[in-house]
Amino acid sequence: ELEVALKVVIVGNGGVGKSSMIQRYCKGTFTKDYKKTIGVDFLERQIEVDGEEVRLMLWDTAGQEEFDAITKAYYRGAQACVLAFSTTDRDSFEAAHSWKLKVENECGEIPTVIVQNKIDLMDQSVVNPEEADLLARALGCRLLRTSVKEDVNVAAVFRHLAARCLAE
Ligand code: GDP
Ligand code: MG
């Protein structure tokens, strides 16, 4: 049987929870300070979508996003994208548009989900729901609200992307 393998890149400002999301989804754990394992480019998880086995390879950055220094190798061959911002970080929300352009530049149009993470901190929110909806509409992407900490909606992000890729 043919197995589908998908390279997924996770972009967004530092601190929004990208590494935590990968760790949560692939290892089922959450810690306050996740340190990328040296030498490991991605973590993977296999799921079934519409009766098909899909191997998702989730690529993490080692913090280079802070210096706008993500290498071409990171984006090369990516078939899907998670674009994340944080409920409690206004700059990360404002940066979403430029992250979308960056990915488009390197990968062309690939299935992308906008993720508003840290919804467990909604009482400290600096992004109102309408703005987030408008952003997603402007970028032509689905918006999903997640809490990596409380494991809310994380699996849905990757299920959605895998289904989109299979449908193409
Ligand atoms: P990255 O720089 O985008 O990779 O972000 P990290 O995964 O390193 O996460 C930055 C910080 O946010 C860490 O202290 C995480 O524990 C925390 N964090 C990640 N996701 C959540 C979440 O859903 N809720 C809360 N409250 N904290 C989170
Ligand atoms: Mg990280």
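This chain uses plain numbering: 1 for the first residue, then up along the sequence. Just follow the structure's listing: the first ligand is 1, and inside any ligand the first atom is 1.
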Give me the nearest non-hydrogen protein atom to [atom] as residue plus atom name, then the distance to 0.1 Å.
atom                    : answer
atom 20 (N) of ligand 1 : Asn117 ND2, 3.1 Å
atom 27 (N) of ligand 1 : Lys118 CD, 3.9 Å
atom 10 (C) of ligand 1 : Gly15 O, 3.5 Å
atom 24 (N) of ligand 1 : Asp120 OD1, 2.7 Å
atom 5 (O) of ligand 1  : Gly17 N, 3.0 Å

Next item on the list: Using only heavy-atom distances, determine whether the side chains of Ser86 and Asn117 contain a donor-acceptor pair under 3.5 Å.
Entry: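 Judged by distance alone, the side chains do not pair up.
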Checklist line | Side-chain donor-acceptor pair present, Ser92, Asn13, cut-off under 3.5 Å | finding: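 Their side chains do not contain a donor-acceptor pair, so the 3.5 Å distance test is not met.
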Note to self: Applying a heavy-atom cut-off of 4.0 Å, say which part of Asp60 lies close to ligand 1: side chain, backbone, both or neither.
What the structure shows: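 Within the 4.0 Å criterion, Asp60 makes no contact with ligand 1.
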Margin query: Applying a strict under-4.5 Å side-chain criterion to I, L, V, M, F, W and Y, I'd like to know whether Leu58 and Phe30 cluster together.
Written below: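 Yes, because Leu58 and Phe30 connect within a single hydrophobic cluster, where side-chain heavy atoms sit under 4.5 Å apart.
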Using a strict cut-off of 4.0 Å, indicate which atoms of ligand 1 neighbour a heavy atom of [X].
X      : answer
Ser20  : 6 (P), 7 (O), 9 (O), 15 (C), 19 (C)
Gly14  : 2 (O)
Ser147 : 23 (O)

Item checked: Among Val115, Val148, Thr88, closest by any non-hydrogen atom to atom 23 (O) of ligand 1 -> Val148
Next item on the list: Ignoring hydrogens, just give me the one of Lys18, Glu150, Lys32, Met21 whose non-hydrogen atom is nearest atom 13 (C) of ligand 1.
Entry: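 Of the listed residues, Lys32 has the closest heavy atom.
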Note to self: Looking at ligand 1, is there an atom of it that comes within less than 4.0 Å of some heavy atom belonging to Thr31?
What the structure shows: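 It does, in that a heavy atom of Thr31 comes within the 4.0 Å cut-off of ligand 1.
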Checklist line | Residues, nucleotides or ligands: over 12 heavy atoms within 6.0 Å of Arg90 CZ | finding: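 Yes, the 6.0 Å shell around CZ holds more than 12 heavy atoms from other groups.
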Margin query: Using a 6.0 Å cut-off, check whether atom CG of Asn128 has over 12 heavy atoms from anything other than its own residue.
Written below: yes
Next item on the list: Take the angle between the ring planes of Phe85 and Phe93 and call it parallel below 30°, perpendicular above 60°, tilted in between.
Entry: perpendicular
So, taking the atom named [atom1] in [X] and the one named [atom2] in [Y], what distance separates them when rounded to the nearest 0.5 Å?
X      : Y      : atom1 : atom2 : result
Tyr75  : Asn105 : OH    : CG    : 9.5 Å
Leu56  : Gln79  : CG    : CD    : 10.0 Å
His160 : Cys165 : NE2   : SG    : 9.5 Å

Checklist line | the Mg ion (ligand 2) reached by Ser20 (N, O or S, under 2.8 Å) | finding: no
